[in-house]
Amino acid sequence: MSVSISTPPDDDMVPPEIVATVFYSATVSDSLAILVAETVGSSQRLTWGNQGAMQLLGYGLEDLRTLPAAHLFPTLGGGELKLLLRRERTARMTLPIRTASGATVDAVVITTPAPGGRTWTMRILDTANEQERALRATADAHERRFSALTERSPIPTLLSEQGMRLAHVNDAFCTLVGLRAEQLLGTGWIDTVHEDDLDGVIEQVAAALDGAEVEIQARLVRADGSVRTTVIRFAHLFTPGMGAGFVGTIEDITDRLAFEAKLAHQANHDPLTGLPNRTLLAQYVADRFQAGTSGLACLFLDLDNFKVVNDSLGHTAGDELLVEVANRLGATVRPGDLVARFGGDEFVVVCENVDEEAAVALAGRVSDALARPMRLGGVDIRPYASVGVTVQTAEHVAAEELIRDCDIAMYQAKASGKGRVTVLDQEARAQARDKLRLVAELRDAIERREITMYYQPIFSTRDGQPVAVESLARWNHPERGPISPTVFVPLAEESGLITALGRLVLDETCRQLAEWDHLLGTGVVGRGNVNVSALQLDDNLAAQVAAALDRHSLAPPRIQIEITESALMKDPTSAREVLEQLRDLGVELAIDDFGTGYSSLAYLRHLPVDCLKVDRSFVAELADGHSEIASAVIAMARNLNLCTVAEGVETVEQAEELTRLGATYLQGFSLAEPMSGGHTAAWFAAHSEETP
């Protein structure tokens, strides 16, 4: 039987006669020893004991009232006696009790503080009984294992056997908050919870006391004032004789959050300048964009001649310039404006609550700030930038349109002379959007193989017979009608579609040659000439040509690759390597539009090519009696042991003159126009019948 002295709620007051009855039974019971201790001055004295206590200890009631509480517990020091007589919670110890004879008996002592913390009820259970001793030993063993487990656990742990008051805290939690256990027991642990998180923690503790298992992220304030962010998990605990409590385990997530924040920062910021990157820029604009409103503006900056800095002073100096530009931008824009590095030497500034005049004024200040001289690699330079400005209008329906429009404006600024500020106008926006649509439609046309091929025969001047065809890509748009190659080929190069377009042309030419072989016999259409863009001159080209030939079971000499002179001269060394790979493959090689570029004739001698194509402009001059250039090209090719193809032959007189000059092959409308694959087959079939 246990008796605790406490103050119940007013609406549940226990009548005095019931209290008296309980105490009467406790008083007359021989098996239960009860003492009452009270703080008197700085120590605790016994003030009352029942019959069981007097029998166990051998004192009379009056003698008992004069005893200091510490006299009963000879093995306890001052600090241990305080743990037994805690003001906040019930305590339980197994320890020897000193009797009136001076002997000691082993007993379990349970102390329960009364409200106010000055009086304790002490229940003493004699463990002399063998059964009780065994049970006690088992209970003690369980408690020691539990204590060892929790004390040595690296997981900070709290234990409450009754309400908010802690009965136990392990070393890991003490280390986490930098306090001693005695500072945390009772309600001291609550003082470590950050004041802004305190209500949430108390709410979760209350839920745990009601039987729930809950967790909360909360900050704990260490003794040195530093703050650790933790996840505290509370589990319900019920202790017989004590009531509802909780077990709290704490996970310190401060370092993990810091690491995650660092990763997030790295994912969204440029490592060189520390500015937000393109990803964060897009999110920033999207968060602030509201269709149908205005006031949001974007400035797109591209440094002029940045490549010159990299090429002349090195990439380290280039990086230094980018960092300085970032610093100047940050110091020039208004508070609250965002400065982001879009990529390379491109930066974007995003402003809120501005009109076009204010945005242009800011762009002017930015240009002036960037243009201040700076010393870089021992050289004084002035960074200039082309700046495109876009202010949100009713026509903008999505956030990305703002970035896209100021990008267009920047290119307009750069095209108009660099170092300028340009505001995107309606016409330019419409043109840019139309160009974007055309790119998308071109991509679809390539994927659907809607780019059709025409073939123009090439004739030998020796016997006038057709010996090859040049493949010419044509795009007949379903709505816009025929679109010139001078429009869609550069568009494919700008938009990165040229490789796909080139593969389509190569594959379709090989397929058509194989089909003609099946219809007309092998060799009737001797060779197909395929034009290749400068952007296709890489290590993949030879493999693509080999794959196309293999796919259609054609010998390599059936294909001649035509590359413009200007494409070769962009990077002659790399171009020569690609040409040698193609030559090793066995295909023929020709230089197109020869004489219109700035080729090095000395370098030309070392290129592994088979043929030069005389540009149509030189052929056209023949009509005016000027044959000097065409004659020189043909003569030079002959001296280099190369064949020649004269393009753009429009008249019989031109054909006769070129033949006289020594051209190997002729190509032009006067001889044969470009035809579809089916018409080309019919044309060659008819021509074969006419040839004896």
Side-chain angles (χ1 to χ4, degrees), residues 307 310-311 439 442-443 446 451 453 458 468-473 475 485-510 513 527-552 554 556-616 633 637 640 642-645 647:
K307 188 174 185 302
N310 269 341
D311 293 344
V439 168
L442 176 59
R443 179 180 292 105
I446 293 173
I451 302 296
M453 301 303 301
I458 298 173
V469 295
E470 180 180 2
S471 299
L472 302 169
W475 184 18
T486 59
V487 173
F488 73 81
V489 171
L491 196 64
E493 291 179 330
E494 292 176 13
S495 58
L497 295 174
I498 191 62
T499 300
L501 178 61
R503 281 201 299 264
L504 173 61
V505 171
L506 179 64
D507 184 75
E508 183 59 19
T509 301
C510 290
L513 283 171
R527 189 182 65 241
N529 291 14
V530 177
N531 292 280
V532 168
S533 164
L535 300 179
Q536 293 177 261
L537 286 178
D538 57 29
D539 292 337
N540 298 318
L541 181 59
Q544 293 170 3
V545 173
L549 290 169
D550 183 66
R551 195 158 45 245
H552 299 288
L554 294 177
R558 301 294 300 280
I559 289 294
Q560 184 177 84
I561 300 297
E562 295 187 7
I563 306 168
T564 62
E565 179 187 29
S566 56
L568 290 175
M569 290 303 111
K570 283 184 177 177
D571 188 350
T573 302
S574 298
R576 180 178 178 177
E577 293 176 359
V578 176
L579 294 182
E580 288 177 344
Q581 293 171 6
L582 293 168
R583 169 60 67 85
D584 293 341
L585 186 63
V587 300
E588 295 188 2
L589 302 171
I591 298 179
D592 198 6
D593 301 335
F594 186 78
T596 59
Y598 300 93
S599 62
S600 167
L601 297 180
Y603 195 87
L604 176 65
R605 189 160 58 87
H606 300 287
L607 288 175
V609 297
D610 304 286
C611 189
L612 299 182
K613 299 196 75 171
V614 183
D615 188 69
R616 65 183 63 247
V633 172
L640 292 174
L642 303 177
C643 66
T644 51
V645 177
E647 297 181 294

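Any value given below was found using the heavy atoms of this structure, including those in side chains, with hydrogens, waters and symmetry copies removed.
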task: Would you give the length of the straight line joining atom CD1 of I451 to atom CZ of F488, rounded to the nearest 0.5 angstrom?
output: 5.0 Å

- prompt: Is any side-chain heavy atom of V614 closer than 4.5 Å to a side-chain heavy atom of V645?
  reply: no

- request: Can you sort out the partners of N540 under side-chain contact (heavy atoms from CB on, under 4.5 Å), two or more places apart, ordered by chain and number?
  value: D538, Q544

- request: Carefully, step by step, assess V505 and M453 under the rule side chain to side chain contact (heavy atoms under 4.5 Å, CB included).
  value: CA-CA 7 Å; V505 171; M453 301 303 301; 3.6 Å; yes

message: Using every non-hydrogen atom in the two residues, find where R558 and L513 come nearest and quote the distance to one decimal.
response: O-CD1, 3.6 Å

- request: Please name all residues satisfying side-chain contact (heavy atoms from CB on, under 4.5 Å) with V578, sequence neighbours left out, ordered by chain then number.
  value: L537, L541, L582

- line: Residues passing the side-chain contact (heavy atoms from CB on, under 4.5 Å) test with D610, sequence neighbours excluded, are R583, E588, L589

Test item: L607 and I591 side chains (from C-beta on) under 4.5 Å apart, heavy atoms: yes

message: Between W475 and L442, is there a side-chain heavy-atom distance shorter than 4.5 Å?
response: yes

query: Does a side-chain heavy-atom distance below 4.5 Å link V609 with I563?
result: no

field: By side-chain contact (heavy atoms from CB on, under 4.5 Å) - contacts of E577 (at least two apart)
entry: T573

message: Show the nearest heavy-atom pair for residues D593 and E647, with the distance to one decimal.
response: OD1-OE1, 3.8 Å

task: Heavy atoms only: give me the nearest P490-P485 pair and the separation to one decimal.
output: CD-O, 3.4 Å

task: Could you pull out all residues at least two apart from Q536 that satisfy side-chain hydrogen bond (donor to acceptor under 3.5 Å, both in side chains)?
output: none

field: Among L585, V545, N529, the one residue meeting side-chain contact (heavy atoms from CB on, under 4.5 Å) with I561
entry: V545

message: Under the criterion salt bridge (Lys or Arg N to Asp or Glu O under 4.0 Å), I'd like the reasoning laid out for R527 against E470: C-alpha separation, chi angles, the key distance, then a yes or no.
response: CA-CA 8 Å; R527 189 182 65 241; E470 180 180 2; over 6 Å; no

query: So, do D592 and E565 sit near enough that their side-chain heavy atoms are less than 4.5 Å apart?
result: no

message: Would L642 and C611 count as a side chain to side chain contact (heavy atoms under 4.5 Å, CB included) here? Give the steps.
response: CA-CA 5 Å; L642 303 177; C611 189; 5.9 Å; no

field: Of all pairs that satisfy salt bridge (charged side-chain N to carboxylate O under 4.0 Å, His left out), the ones with a partner from residues 490-510, not counting sequence neighbours
entry: K435-E494, R449-D507, R449-E508, D507-R551, E508-R511

- request: Identify the heavy atoms of P608 and R576 that sit nearest to each other, and give their distance.
  value: CD-CG, 4.3 Å

N531 to S471 - nearest heavy-atom pair and separation: ND2-O, 3.6 Å

